[in-house]
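The structure appears below as C-alpha cells.
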Amino acid sequence: MKRFFGVIMAAVIAGGSVMFAQTKTETSGYPSEKSVMKDLKKEKGTIFPLGGPNVNYEKYFTGRSFHKSMAADSISVSNVTFTKGAHTFWHVHHGSCQILVMEAGRGFYQIWGEKPVELKPGVVATIPEGVKHWHGAASNATMQHLSVMQKNPDVSTEWLEEVDPAEYAKLGK
C-alpha cells in the first residue's frame, strides 16, 4: 500500500502544470477550463491539475471531460475531470482492473447488472478486470477522480454503447 501511494505521489509531483487550451467545443455550449477550475475549487478536495480537453476519447463520453496523465512505472494514473452530467459510455477494461479514487465533487459508477453507486470524495471503487461499467459526474456536479490501472501492452479498453439517458436521469440530483 505504501508503494502504491508513493507511486501516485511521484506521479503527482511529475504531473506538471495545468494546461489551458482553446478548443472548438468551448463555442458549442460547454463550460470553459476556467469555469471548470472555479467549480472544482468550490468542491474543496482536488489537488491535481485539470489537464487538457479529453479530445482523444470524447466520442465515448457525454458532456465535456479533461485528462491529465500522471503515469509512473508499470502503473497508469490519470486524473479525469468531468463537467456536470458528463459520464463515460459503458466500457470494459481488459488486462487490468480499474481503481477509481474519488477526489472532488459528486458522481456515480455502475457495474452492469447492479445498481449505480454514488461517488464522493474519499471513496475508492475497484472495477474488476473484464467487467462492463460506466462512471461520471452527477447531473448537477463537477467531478474529479484518479483512474489507476496497470500499464502494459496487454491492457486495453473496449468502448460500448452510451448509458441509457432515461436511466441516467433517474439518478439523484
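Just the heavy atoms: all of them, side chains too, but no hydrogens, waters or symmetry mates, feed the values below.
Judged as a ring-ring contact (aromatic ring centres under 6.0 Å, His included), the pairs with a partner in residues 104-133 (not counting sequence neighbours) are, in order, Trp90-Trp112, His91-His133, His93-His133, His133-His135. A salt bridge (Lys or Arg N to Asp or Glu O under 4.0 Å) check over residues 83-97, counting only residues at least two apart or in different chains, returns nothing.
A donor-acceptor pair shorter than 3.5 Å cannot be found between the side chains of Glu129 and Ser96. Side-chain contact of Thr126 with Gln98: a donor-acceptor pair under 3.5 Å is absent, judged by distance alone. For the 3.5 Å distance criterion, the side chains of Thr157 and His94 fail to qualify, holding no donor opposite an acceptor.
Follow the hydrophobic side-chain contacts under 4.5 Å out from Val117 and you never reach Val101; the two are in separate clusters. Residues Val80 and Val77 are members of separate hydrophobic clusters, defined by side-chain heavy-atom contacts under 4.5 angstrom among Ile, Leu, Val, Met, Phe, Trp and Tyr. Under the 4.5 Å side-chain heavy-atom criterion for ILVMFWY residues, a single connected hydrophobic cluster contains both Ile127 and Val123.
Between Asn79 and Glu103, some side-chain heavy-atom pair lies under the 4.5 Å cut-off. No side-chain heavy atom of Cys97 sits less than 4.5 Å from a side-chain heavy atom of Val131. Val124 places none of its side-chain heavy atoms less than 4.5 Å from the side chain of Leu100. Residues Ser139 and Tyr168 are in side-chain contact: their nearest non-hydrogen atoms beyond the backbone lie under 4.5 Å apart. Taking 4.5 Å as the limit, some side-chain heavy atom of Ser78 sits within range of a side-chain heavy atom of His67. Using a 4.5 Å heavy-atom threshold, the side chains of Lys34 and Val36 count as separate.
With sequence neighbours left out, Tyr60 forms a side chain to side chain contact (heavy atoms under 4.5 Å, CB included) with Tyr57, Trp159. Taking the side chain to side chain donor-acceptor pair (under 3.5 Å) definition, one finds that Lys115 meets it with nothing, sequence neighbours left out. Under the side chain to side chain donor-acceptor pair (under 3.5 Å) criterion, Glu167 pairs with Lys170, not counting sequence neighbours. By the ring-ring contact (aromatic ring centres under 6.0 Å, His included) test, Phe82 is found to be paired with Phe61, His145, residues two or more places apart in sequence or in another chain being considered. With sequence neighbours excluded, no residue satisfies side chain to side chain donor-acceptor pair (under 3.5 Å) with Glu162. Partners of Lys132 according to the side chain to side chain donor-acceptor pair (under 3.5 Å) rule, which considers only residues two or more places apart in sequence or in another chain, are Glu161.
Residues Gln110 and Glu114 approach most closely at NE2-O, 2.7 Å, considering heavy atoms. Among all heavy-atom pairs drawn from Met143 and Gly107, the shortest one is SD-CA, 3.5 Å. Here the closest heavy-atom approach between residue Pro121 and residue Gly105 is recorded as CD-O, 3.2 Å. The two residues Thr83 and Pro31 make their nearest non-hydrogen contact at CG2-CG, 3.7 Å.
Residue Asn152 holds its CG atom at 11.5 Å from CD1 of Ile75, rounded to the nearest 0.5 Å. For the atom pair CG (Asp39) and OG1 (Thr81), the distance works out to 11.0 Å, reported to the nearest 0.5 Å. The NZ atom of Lys68 sits 13.0 Å away from the CG atom of Leu146 when rounded to the nearest 0.5 Å.
With a 4.5 Å cut-off between side-chain heavy atoms of Ile, Leu, Val, Met, Phe, Trp and Tyr, the cluster of Met149 takes in Val155.
Note on Arg64 versus Glu33: salt bridge recorded, some NZ/NE/NH1/NH2 to OD/OE distance being below 4.0 Å.
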Side chain to side chain contact (heavy atoms under 4.5 Å, CB included) between Leu160 and Trp134, intermediate numbers included: CA-CA 10 Å; Leu160 304 166; Trp134 69 267; over 6 Å; no
Criterion side-chain hydrogen bond (donor to acceptor under 3.5 Å, both in side chains) on Thr62 and His87, from CA distance to verdict: CA-CA 5 Å; Thr62 60; His87 54 279; 3.0 Å; yes
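Side chain of Ser32 to backbone of Ser35: a donor-acceptor contact under 3.5 angstrom is found.
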